[in-house]
Number of protein chains: 4
Amino acid sequence: MERTSTKRLPIFEAAVAVFSEKGFAKATMEEIARRAGIAKGTLYYNYRSKKELFLSLIEEGIERLEAAVKREIARRRDTSSKLEALIGAQLSFFEEYRDYCKLLLSEVWGLGSRWEKQLERLRSGYIGIIKDLLQRGQAEGIIRQDLEVNTAAMGVFGAVAVAALNAFLFERQYHYESLLQTLKNLLFLGLNEREG
Amino acid sequence: MERTSTKRLPIFEAAVAVFSEKGFAKATMEEIARRAGIAKGTLYYNYRSKKELFLSLIEEGIERLEAAVKREIARRRDTSSKLEALIGAQLSFFEEYRDYCKLLLSEVWGLGSRWEKQLERLRSGYIGIIKDLLQRGQAEGIIRQDLEVNTAAMGVFGAVAVAALNAFLFERQYHYESLLQTLKNLLFLGLNEREG
Amino acid sequence: MERTSTKRLPIFEAAVAVFSEKGFAKATMEEIARRAGIAKGTLYYNYRSKKELFLSLIEEGIERLEAAVKREIARRRDTSSKLEALIGAQLSFFEEYRDYCKLLLSEVWGLGSRWEKQLERLRSGYIGIIKDLLQRGQAEGIIRQDLEVNTAAMGVFGAVAVAALNAFLFERQYHYESLLQTLKNLLFLGLNEREG
Amino acid sequence: MERTSTKRLPIFEAAVAVFSEKGFAKATMEEIARRAGIAKGTLYYNYRSKKELFLSLIEEGIERLEAAVKREIARRRDTSSKLEALIGAQLSFFEEYRDYCKLLLSEVWGLGSRWEKQLERLRSGYIGIIKDLLQRGQAEGIIRQDLEVNTAAMGVFGAVAVAALNAFLFERQYHYESLLQTLKNLLFLGLNEREG
DNA sequence: GATGAATGAGTCTTCATTCAT
DNA sequence: GATGAATGAAGACTCATTCAT
């Protein structure tokens, strides 16, 4: 039940910025309001509480990630290309929304029990897409049969997420193409050099 | 300069439990003291502040992880076995200290700028070990040359960490062997079924 | 200067309901507006402030009580019947407007200094009627001379009010006739069994 | 489970003063602390919340009233004297603790549903004492049989309470003896002049 | 060494009131 | 006349930290 739409966008952006800089607990409604250029009361006019504001951010972000990835996948025919596109889409999403993604990993991923609903949303949403592709790939014989898909899906997500955040947040400079290529090589071909 | 008190072990355990359940900001010194069976003042007698207590936990944890992994690595001769052992050691460490590892990912990893020193410690410490092994492997020709080692090291760490936490924290039951095998297969051999 | 709006009646009823459920301080203009089926701004179009709305309620209520009692009194000839009628009228008013009367006792009576004007209104209004009747009765020799009229008038009001509210608000079921009879017996004849 | 006793007395007195001046909702913890000469945090160290502080006040007050009245009653032999003593004791309690009694009537009596437990405490406690005496009196034939005891007990309480508060809080000067005598005459003998 | 009562700065949240439409 | 989005002052409550015993 969205209220005014005029105010919600600036609030959204300010909130993502503050939450990702300070973390959920250290972020203050005061600062979010100030950065959004509105009064504190207006924040509460639009969102019932700090928690609701936070959760709506997470929800919205997960939806955007899903949408972005689905769009890219839909463009490819074969499962292999789809998986490749998925990795590319996740990486590019993490690059564009690095602040939001930091939030995603630190608050939602790290904690868990307190945000069960949102976690489940992520798992059945984005992780579910990876899992489906892996299963289809196994059926088609192009993905190794000896992979348990849940674990493998989490592994793929984790590898991209951690490598991406490390590069985008903590490296002064990074080479996007090299990052993407290394992740694809690692995940599709593995660490091992193929012998002869 | 550690104080010599015999109180530090129970404090350590209580602190890990509370911090990982509540997160840094929501954890209270009151509760840590209560769970450790001591008075709040005693906490401050042993640690200057909440932050110092927290950081000493993280420090200690990273050291344990490094030590555990190094021990396993030292037992193997060839680089390949060492890498395999490293993944096993990380997984087993995450299983044993799941609470601590949740902390590690949510507070230290997710945030960053605020704990730079600790992050750097993790990166140059544990991630550094992975990186060194990968480099040695490339020199020996058993690791793919087309992998940028920093990215690959982060990818390996992230894949294991995320898959492990998901299994240990959120799955009612998990099959440790299958988890380990899938991660090894994924990381060493890649997703692709080898043709021919 | 009452505004002419047709909105004032629904507002009145909603306001009495909300104020008596929550008390003055916990009642919100928001809820009063919602229950009256109007917008918050409209409330302020009709009443300058929360306090004014509240006071106009109290004023109105005291006037209704006075009017009801005066009407009943006017019907009787002798002072004794008038006093009897007064008690009956107060009891029946408290039964019909129990919410309003709860308000009256809790906010106006209990506090005092803050609403001096309204209190004075009540005292010189309704209590004044009782006092006048008692004085007339004393002059006529049908009311005990050893009663100080101010105190007695307050005592009569208090006995009826407290017994009435207790019955109407907190007893699941009550017997109106028995209530009335007991109050009349208590107040006119006293507790003591007459000897001889 | 009382905490420190050193701090609780000044808090008690400051709280009664502030609550009775402002009412529950308008009273602030800040002001109570200031008047008690302690920091706000200390208030919360001794009482979990504003509500708990308030309720403990009410509880304590009801107990004191009960104790005072029981003490006086115990000194008399016959039921009639006991009832007389009860009225005297209530009046003198209301004179001494006028602030507290204002609180009692405005917050607890007036509201009700929100403080059910405390109300019940009062009803079964103090009102119960009156009721018991009336019943015993009826059995002994010295109290009118045509009085329903619940109603009569409430009436007695209400008459004394309302007359007392009016005198002690709002009259510049009052004559205690006259007040007491009028109430006793009113309640024991009734309004009616005895004919013949 | 150990304790826990006391502190007060810092936050979330509520709500009467205003005003542009 | 009517609306409801926006405001900001005010207040309950938390908790890291201190210090006298």
Side-chain angles (χ1 to χ4, degrees), chain A residues 3-8 11 25-34 36-53, chain B residues 3-7 24-34 37-54, chain C residues 3-7 22 24-34 37-54, chain D residues 3-8 22 25-34 36-54:
Chain A
R3 297 224 195 195
T4 335
S5 49
T6 328
K7 296 284 166 179
R8 285 179 87 100
I11 291 178
K26 281 232 163 183
T28 73
M29 294 298 263
E30 181 71 44
E31 186 175 357
I32 294 174
R34 194 181 339 116
I38 59 175
K40 216 192 319 183
T42 311
L43 216 47
Y44 281 91
Y45 188 77
N46 284 277
Y47 297 86
R48 238 184 289 283
S49 70
K50 186 182 179 183
K51 188 167 182 173
E52 189 196 289
L53 170 57
Chain B
R3 293 179 203 261
T4 39
S5 173
T6 55
K7 295 281 158 61
F24 176 74
K26 282 229 161 182
T28 72
M29 295 297 265
E30 180 72 44
E31 188 175 356
I32 294 173
R34 193 181 341 114
I38 60 173
K40 220 191 321 183
T42 314
L43 216 47
Y44 281 89
Y45 189 81
N46 284 278
Y47 296 87
R48 226 183 294 283
S49 71
K50 186 184 180 184
K51 188 166 184 175
E52 189 196 291
L53 169 57
F54 180 75
Chain C
R3 293 180 203 259
T4 40
S5 175
T6 57
K7 295 282 158 61
K22 312 285 177 84
F24 176 74
K26 281 226 162 184
T28 71
M29 296 297 265
E30 180 72 42
E31 187 175 359
I32 294 173
R34 194 182 339 114
I38 60 174
K40 220 189 322 182
T42 314
L43 216 47
Y44 280 89
Y45 188 81
N46 284 278
Y47 296 87
R48 226 184 293 283
S49 71
K50 186 184 179 184
K51 188 166 184 176
E52 189 195 291
L53 170 58
F54 181 75
Chain D
R3 298 229 197 191
T4 333
S5 48
T6 329
K7 296 286 167 181
R8 283 179 88 100
K22 310 286 175 89
K26 281 232 163 184
T28 73
M29 294 297 265
E30 179 72 44
E31 186 175 358
I32 294 174
R34 195 180 339 114
I38 59 173
K40 212 190 327 176
T42 312
L43 217 46
Y44 282 93
Y45 188 76
N46 284 278
Y47 297 88
R48 237 184 291 284
S49 70
K50 185 183 179 184
K51 188 166 184 175
E52 190 196 289
L53 170 57
F54 180 75

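In the text below, chain A, chain B and the rest are named by the order of the sequence lines, each starting its count at 1.
As rounded to whole Å, 8 Å separates atom P of E:dC12 from atom CD1 of A:I32. In this structure, CZ of A:R34 is placed 20 Å from P of F:dA6, rounded to the nearest angstrom. Between the OH atom of B:Y45 and the C1' atom of F:dT17 there is a distance of 17 Å, rounded to whole Å. Between the CZ atom of C:F24 and the P atom of E:dC15 there is a distance of 13 Å, rounded to whole Å. Rounded to an integer number of Å, the gap from CG of D:L53 to P of F:dA12 is 11 Å. Between the CD atom of C:E30 and the P atom of F:dT3 there is a distance of 13 Å, given to the nearest Å. Taking atom CG of A:N46 as the reference point, atom P of E:dT13 lies 15 Å away to the nearest angstrom.
Closest approach of C:A25 and C:K50 over heavy atoms only: O-NZ, 3.4 Å. Nearest approach of C:K26 to C:K22, heavy atoms of both residues: CB-O, 3.3 Å. Residues A:M29 and A:L43 approach most closely at O-CD2, 3.4 Å, considering heavy atoms. Across all non-hydrogen atoms, the minimal contact from C:N46 to C:T42 is ND2-O, 2.9 Å.
Toward the 5′ end of DNA chain F lies the nearest nucleotide of A:G41, the other residue of the pair D:G41 and A:G41 mapping further downstream. Nucleotides of DNA chain E nearest to C:A27 and A:A25 differ in position, and the one nearer the 5' end is that of A:A25.
Annotation: F:dT21 and E:dG1 have their P atoms spaced 22 Å apart (nearest Å).
For C:M29, counting side-chain heavy atoms from C-beta on, the closest listed nucleotide (E:dA16, F:dA12, F:dT7) is E:dA16. Among E:dT13, F:dA12, F:dT17, the nucleotide with an atom closest to any side-chain atom of D:Y44 is F:dA12. Distances from the side chain of C:K40 to the nucleotides E:dT13, E:dA9, F:dG4 place F:dG4 closest.
Between A:K50 and E:dC12 there is a side-chain polar atom (N or O) within less than 4.0 angstrom of OP1 or OP2. For the OP1/OP2 pair of F:dT3 and a distance below 4.0 Å, the side-chain nitrogens and oxygens of C:T42 include at least one atom meeting the criterion.
Pairing for E:dA20 goes to F:dT3, judged as Watson-Crick or G-U wobble with the two contacts each under 3.5 Å. When both distances must be under 3.5 Å, the Watson-Crick or G-U wobble mate of E:dT11 is F:dA12.
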